[in-house]
Amino acid sequence: MGSLGFIWKSLFRRKVRAILTMASLVTAFLLLVLLRSVGVVFEAGEDFANVHRLSVSSKFSVIDSLPKSHVRKVEQVEGGKTVTHMNWFGGAYQDPYNMVMTFAVDPSSYFDVYPENEISAEHHEAFNASKTGMVAPRRIAERYGWQVGDRVPLLSTIFQYQDSSMGWQFDLVGLFDPENEFGDVVLIRHDYFDEGWIHGGDEAIGRIGVVLEDPDRAREIAKEIDSLFENTSDPTRTATEAEFARQWLAQIGNISLMVNGVLGAVFFTMLLLAGNTMMQGLRERTPEFGVVKTLGFTNARLFAYVLGESLLLVTMSAVVGVALGTQVVGFLVIALVGDMPPMLQSWGTVLLAGVVAVGFSVLVGLFPSITAARLQIVDALRAR
Amino acid sequence: MEIVSLNDVSKTYTKGNQRVEVLRRICLDIEQGDFIALMGPSGSGKTTLLNLIGGLDMPTSGTVQVGASRLESLSSSGLARWRAQNIGFVFQFYNLLPMLTAQHNVELPLLLTSLPSKQRKQNAATALDLVGLGDRAKHKPSELSGGQQQRVAIARAVVADPMILVCDEPTGDLDRQSAEEILGLLEILNHRHGKTIVMVTHDPKAAEHARHTLVLDKGELVQPAAQA
């Protein structure tokens with residue numbers, strides 16, 4: 001038996017209590033991974049957003065549409081290099097729960113505004129040539145086994161086709177490679193969408209994307225665009241994509257604050273619970289601390305042993321909790337979405353769990369460690 | 001040669017507003033290899049005197065010299081290291097750690113040494129063999145009788161080969177037969193292995209196993225050491 005063995009045996013002196021405390025801590029760390037993963041998704045959306053592009057949407061709400069004529073007017077604004085437009089389609093494949101994020105876009109300009117999505121000239125040309133054409137990220141096509149040339153049926157959750165059904169048919173004419181998982185969006189042609197939609201034909205669009213010649217002039221150009229439509233029935237709100245992402249997040253609330261708030265409450269409760277367990281252990285073991293001091297254990301060594309118990313308890317729980325949490329996140333993401341986005345397997349979350357584990361161990365173990373180290377042998381032996 | 005020397009030692013505790021003088025100007029020399037029984041009524045200061053010799057407590061005045069060390073001059077950590085190297089303790093209620101096996105209880109003081117794991121195990125096994133419990137190494141204290149637990153405690157006390165054994169009523173919680181076994185074991189450690197033993201006891205029969213008996217009353221030595 002070495003020092004670690006002694007710490008281990010002391011920790012599991014009362015097995016049931018130790019295991020129950022560990023189970024609570026494992027749950028807390030599992031929650032940390034689950035909730036941080038939610039936070040990471042939302043924060044990453046903002047991180048990946050571009051400051052070199054402007055996003056023009058309805059002033060009233062992001063779900064309100066704009067007339068397509070706005071695109072031509074925006075193209076006239078000096079400082080906007082390239083302009084495109086898009087509309088949310090909201091697709092699903094085979095099953096309404098099998099969501100495939102889909103946008104109806106202008107095939108000729110979309111890839112100029114979003115060059116981070118790499119497409120071959122051949123596939124781009126095919127998309128330009130086929131009104132019922134669809135291009136998909138390679139990852140999505142592989143997930144569903146789509147091949148170029150396939151006819152792919154998609155369900156729209158919002159837009160009825162002319163036959164009053166929600167089913168739409170597209171021809172997969174090309175694949176592209178997005179820069180990151182936020183580019184995993186299937187693209188269909190806006191003109192086909194506008195013609196096919198039972199209430200279409202007015203060429204309404206959802207959003208306009210503008211590449212800036214000089215990002216430093218973003219605020220000025222945004223203001224100029226908005227001023228064009230200020231006194232019309234369709235006023236706009238223009239912002240950089242990064243700002244747009246922030247505004248969108250603000251509409252649904254401060255996710256990070258909520259996540260951190262829940263985690264803070266969980267860990268504060270756990271702090272009280274684990275602290276109480278450690279203090280109970282301290283009281284029960286006071287005579288034993290007296291004995292080991294009698295044998296020659298110094299105050300510093302006893303301090304290290306008691307703190308070591310706390311560290312071992314929390315670290316083991318953290319390892320199990322993070323491992324379980326990662327598995328659960330992976331399972332949920334694959335079940336709900338498909339591939340696991342790489343960002344969810346973030347080392348940042350693991351690092352955070354490590355920092356929390358060490359900090360938590362110190363908070364929980366510090367007082368019992370100091371108390372044990374300060375015990376007078378004669379008093380401790382008398383506490384029997 | 002004197003191994004323990006107490007010079008004009010007094011010990012006073014404060015209880016509330018009251019000062020309680022537990023030991024009064026004790027002067028005592030103990031020869032190396034001696035076996036002392038320390039007797040006296042309850043509250044006479046026996047355990048306090050034992051604690052001072054074992055370096056568990058410090059005198060209010062006077063000096064305690066054990067071997068080459070003046071205990072008052074040692075720091076808290078220095079005193080702990082000194083205890084680990086020089087003193088073995090045996091308590092009335094054994095004070096074994098309940099979550100450890102007999103083997104691990106005996107091995108515990110060796111964690112403070114630089115011995116490798118294999119050597120620690122071997123030394124602990126030897127100490128258990130010495131007290132006749134080699135076959136109970138894997139048992140936890142709750143699986144042993146009182147006499148067996150006290151023998152494990154003695155094995156733990158001697159495993160680091162200290163020069164002095166300090167025993168606080170080692171037979172106080174045992175039946176006569178077990179007590180005789182423990183006292184026989186202490187005699188062996190004294191006679192064959194040359195350990196100096198200081199034992200507090202209320203039991204005159206236990207004191208008969210010692211070479212000398214000292215009597216404390218109201219904090220003072222009232223009877224000079226007599227040959228057993």
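Throughout, a chain's letter reflects where its sequence line sits, starting with A, and its residues are numbered from 1.
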Taking everything shown except [X] itself, do over 12 heavy atoms lie less than 6.0 Å from its [atom1]?
X	atom1	value
A/Gln376	CD	no
A/Phe12	CZ	yes
B/Arg70	CZ	no

Separation between [atom1] of [X] and [atom2] of [Y], rounded to the nearest 0.5 Å:
X	Y	atom1	atom2	answer
A/Lys9	B/Met99	NZ	CE	9.5 Å
A/Arg13	B/Leu97	CZ	CG	8.5 Å
A/Ile377	B/Asp57	CD1	CG	9.0 Å
A/Lys293	B/Ser76	NZ	OG	6.5 Å
A/Phe6	B/Leu111	CZ	CG	7.5 Å

| said: Quick check for you: among A/Val292, A/Thr294, A/Val291, A/Asn299, which has the greatest number of heavy-atom pairs under 4.5 Å with chain B? | reply: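 The candidate making the most pairs under 4.5 Å is A/Thr294.
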| field | Top contributor to chain B interface from A/Gly290, A/Ser10, A/Ala300, A/Gly5 [non-hydrogen pairs under 4.5 Å] | value |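 Going by pairs under 4.5 Å, I would pick A/Ser10.
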| message | What part of A/Arg301 gets within 4.5 angstrom of chain B, counting heavy atoms only: side chain, backbone, both, or neither? | response |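 Answer is side chain: those atoms of A/Arg301 sit under 4.5 Å from chain B.
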| request: Using non-hydrogen atoms and a 4.5 Å limit, figure out which bit of B/Ser77 sits close to chain A: side chain, backbone, both or neither. | output: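 For B/Ser77, the contact with chain A is made by backbone and side chain together.
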| request: Report the option among B/Ile87, B/Asn51, B/Leu108 that has the most heavy-atom pairs separated by less than 4.5 Å from atoms of chain A. | output: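 Going by pairs under 4.5 Å, I would pick B/Leu108.
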| Selection from B/Ala157, B/Pro109, B/Ala80, B/Ala84 maximising heavy-atom pairs under 4.5 Å formed with chain A |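 Most heavy-atom pairs within the cutoff with chain A belong to B/Ala80.
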| task | Carefully, step by step, assess B/Phe89 and A/Leu295 under the rule side-chain contact (heavy atoms from CB on, under 4.5 Å). | result | CA-CA 7 Å; B/Phe89 290 91; A/Leu295 297 179; 5.5 Å; no
| task | Please tell me if the side chains of A/Glu288 and B/Asn95 come closer than 4.5 Å, counting only heavy atoms from C-beta onward. | result |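 Side chain of A/Glu288 against side chain of B/Asn95, heavy atoms only: no contact under 4.5 Å found.
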| query | If we only count heavy atoms from C-beta on, is the A/Thr298 to B/Arg81 side-chain gap below 4.5 Å? | reply |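 Yes, at least one pair of side-chain atoms sits under 4.5 Å.
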